[in-house]
Amino acid sequence: MNKENKMGIMPVKQLIISMSLPMMISMLVQALYNVVDSIFVSRISESALSAVTLAFPMQNLMIALGSGTGVGINALLSRSLGEKNFHNADSAANTGLLLTVFNYIVFLFIGLFVTVPFISAQETDPIIREYGIQYLSIICFLSFGVFFQITFERLLQSTGKTFFSMISQATGALINIIFDPLLIFGIGPFPELGVAGAAYATIFGQVIGASIGLFCNLKFNNEIHLSFKKIFAPSARIIKDIYYVGVPSILMMSIGSVMTFLMNLILGAFSSTAVAVFGVYFKLQSFFFMPVFGLNNGLIPVLAYNYGARNKDRIKEALKFAMTLAVSIMIIGTICFLSIPDTLLSFFDASEDMIAIGRPALRIISLSFPLAGFCIAMGSIFQAFSKSFYSLIVSVGRQLVVLIPAAWLLAQTGVLANVWWAFPIAEIASLCLSSFYFKKLYTTTVSTM
């Protein structure tokens, strides 16, 4: 247990790559699933694609609760390992599993009481409503898989076992991809379930991913020790420490759900096709945002560990390298969206109307990608140094204070293409806020080490 963790001794660039690459690959597979899932759903009808888009804000809220809790666990566990406080690390891991159970119970009740009014508030078309309620109800009722999958992956990431985290996430996504067509269209012995089939395929993948994550933690994650006794003997101090970092992260990611919900309302005033285009954009952009988030997830424990170890030079080198890599990935995304928007949209069986709406949407929004990559990399230090409320302020400023009002004002012109300019405008605001808080935190922490 006294052996130095690789996060304190491995060359920084090599460490960032070794920590992040598995998660970037697994998130690319996850992005592939997101796209393939929507491609199969679009083959049912454009109404089905619109329905899944309407369900997305609640799914994102689910991910926000699980991932935000995971960020708190990750930061506390990695910092405790850096400080050689192994008892604290074990407490963070076991208490985190109990919190995961509570997260599932929350969404079980949401599935029972919130799903119908949530979908109905966004759509009056009975076919789209039926599809949306059917899909989202299944996702919420059986959400235990996604919550445990996220938590087990975070435990592996916290101790540098990112290869096993990749195996868990990538396998779950591949299971989704395999079972999507089987359950949606009723291939072979499987029943034809339509939109419900897409939901069940998602659940099946999440449960398999969680099972693999549990196995990998028990078999290979020797730096933490999981036990039922410790899980059901939580520490109030540990819960407080987890949510001190986790709650701002939960709120920050939840803001994305509010933003998507409100954007659906703004775009729905134009047409259901505009809503479908927005959903397609979110699926496509994940090919570039997911790897950057994977980089971010690999960077956070490195920063947290070296913060606990008071290693200034490694923190500086890690930040510089990660920022350069994140912006480079997003520039590639911008080039793709600018050059082949029609090809990207055609994967979703897009009609001429959908292509006409989607072409300017993809090109305009993608202009903000490089700025977003820079902001995501800068934001990693907020989470690693337990200052996630800075990320919360940036997210609120970007998505609620700037993006939604800008989109609404631009929608008043009556020209749908104008609405998409709200995204670059919001990203400029995000860059200003991120730079301000990054400089403030860096000056008061890293510079004084």
Side-chain angles (χ1 to χ4, degrees), residues 1-3 5 7 62-110 140-162 164-165 168 206-207 209-251 253 297 300-301 304-305 307-309 383-386 388-389:
M1 291 298 293
N2 293 324
K3 183 180 179 181
N5 188 283
M7 289 185 283
M62 186 184 301
I63 300 299
L65 183 59
S67 294
T69 302
V71 166
I73 298 168
N74 194 331
L76 176 59
L77 207 162
S78 296
R79 190 170 68 249
S80 297
L81 290 175
E83 295 168 345
K84 304 297 186 290
N85 188 340
F86 302 112
H87 174 75
N88 217 48
D90 279 352
S91 295
N94 286 283
T95 302
L97 289 176
L98 181 62
L99 298 177
T100 300
V101 175
F102 293 151
N103 289 344
Y104 166 61
I105 292 172
V106 169
F107 268 85
L108 179 61
F109 279 94
I110 287 176
C140 289
F141 289 156
L142 302 175
S143 59
F144 59 88
V146 67
F147 285 118
F148 278 103
Q149 182 180 15
I150 290 171
T151 299
F152 288 135
E153 287 173 3
R154 288 290 185 175
L155 295 181
L156 291 165
Q157 293 166 14
S158 298
T159 57
K161 308 294 191 300
T162 53
F164 298 111
S165 175
S168 170
Q206 291 166 350
V207 171
S211 300
I212 292 173
L214 173 60
F215 172 79
C216 290
N217 272 288
L218 294 176
K219 181 72 174 179
F220 304 109
N221 206 354
N222 298 323
E223 291 182 274
I224 58 173
H225 304 88
L226 305 178
S227 71
F228 281 108
K229 182 179 179 180
K230 292 180 180 178
I231 289 172
F232 294 103
S235 162
R237 178 184 60 82
I238 293 295
I239 293 174
K240 178 182 177 182
D241 287 346
I242 288 173
Y243 280 125
Y244 181 77
V245 177
V247 167
S249 296
I250 291 169
L251 294 175
M253 288 182 273
N297 289 341
I300 288 171
Y305 185 97
Y307 179 54
Q383 297 172 340
F385 291 7
S386 299
S388 290
F389 58 89

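Here the closest heavy-atom approach between residue Pro301 and residue Asn74 is recorded as CB-OD1, 3.8 Å. In terms of heavy atoms, Met62 sits closest to Ser143 at SD-CB, 3.7 Å. The two residues Ile242 and Ala92 have their closest heavy-atom pair at CD1-O, 3.9 Å. Between Ala93 and Leu226, the closest heavy-atom pair is CB-CD2, 3.9 Å.
We find the CG-CZ distance between Leu65 and Phe107 to be 6.0 Å, quoted to the nearest 0.5 Å. Separating the OG1 atom in Thr69 from the CZ atom in Arg154 is a distance of 10.0 Å, to the nearest 0.5 Å. Taking CD1 of Ile110 as the reference point, atom CD1 of Ile105 lies at 12.5 Å (rounded to 0.5 Å). Taking NZ from Lys161 and CD from Glu223, the interatomic distance works out to 4.0 Å, rounded to the nearest 0.5 Å. For the atom pair CD1 of Ile224 and CG of Asn217, the computed distance is 5.0 Å after rounding to the nearest 0.5 Å. Residue Leu97 holds its CG atom at 10.0 Å from OG of Ser227, rounded to the nearest 0.5 Å.
The side-chain contact (heavy atoms from CB on, under 4.5 Å) check on Leu98 picks up Phe102, Ile231, Phe232, Pro234, with sequence neighbours excluded. Looking at residues two or more places apart in sequence or on another chain, you find no ring-ring contact (aromatic ring centres under 6.0 Å, His included) involving Tyr244. The side-chain contact (heavy atoms from CB on, under 4.5 Å) search around Leu251 returns Val247, Leu392, not counting sequence neighbours. Scanning for side chain to side chain donor-acceptor pair (under 3.5 Å) contacts around Thr162 gives an empty result, with sequence neighbours left out. Legend: residues meeting side chain to side chain donor-acceptor pair (under 3.5 Å) with Thr95, ordered by chain and number and at least two apart, are absent. Residues passing the side chain to side chain donor-acceptor pair (under 3.5 Å) test with Asn94: none are found, sequence neighbours excluded. In this view, Ala75 and Val245 satisfy the side-chain contact (heavy atoms from CB on, under 4.5 Å) rule, not counting sequence neighbours.
Residue pairs that meet the salt bridge (charged side-chain N to carboxylate O under 4.0 Å, His left out) test with at least one member in residues 240-250, sequence neighbours left out, are Arg237-Asp241. The salt bridge (charged side-chain N to carboxylate O under 4.0 Å, His left out) pairs that include a residue from residues 99-109 number zero, where partners must be two or more places apart or lie in different chains. Contacts classified as salt bridge (charged side-chain N to carboxylate O under 4.0 Å, His left out) and involving residues 62-76 (residues at least two apart or in different chains) are not found.
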**OP:** Verify side chain to side chain contact (heavy atoms under 4.5 Å, CB included) between Asn221 and Phe164, making sure each step is shown before the conclusion.
**Re:** CA-CA 9 Å; Asn221 206 354; Phe164 298 111; over 6 Å; no
**OP:** Could you walk me through whether Ser67 and Met253 pass side chain to side chain contact (heavy atoms under 4.5 Å, CB included), step by step?
**Re:** CA-CA 9 Å; Ser67 294; Met253 288 182 273; 3.8 Å; yes
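A donor-acceptor pair is defined here as one N or O able to donate and one able to accept, closer than 3.5 Å; no such pair exists between the side chain of Ser158 and the backbone of Ser78. In terms of modelled atom types and a separation under 3.5 Å, the side chain of Tyr104 and the main chain of Phe141 share a donor-acceptor contact.
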For residues 144-152, which side-chain N or O atoms pair as donor and acceptor with protein atoms under 3.5 Å away, sequence neighbours left out?
from	atom 1	to	atom 2	distance (Å)
Gln149	NE2	Glu153	OE2	3.3
Thr151	OG1	Thr100	OG1	2.6
Thr151	OG1	Phe147	O	3.1

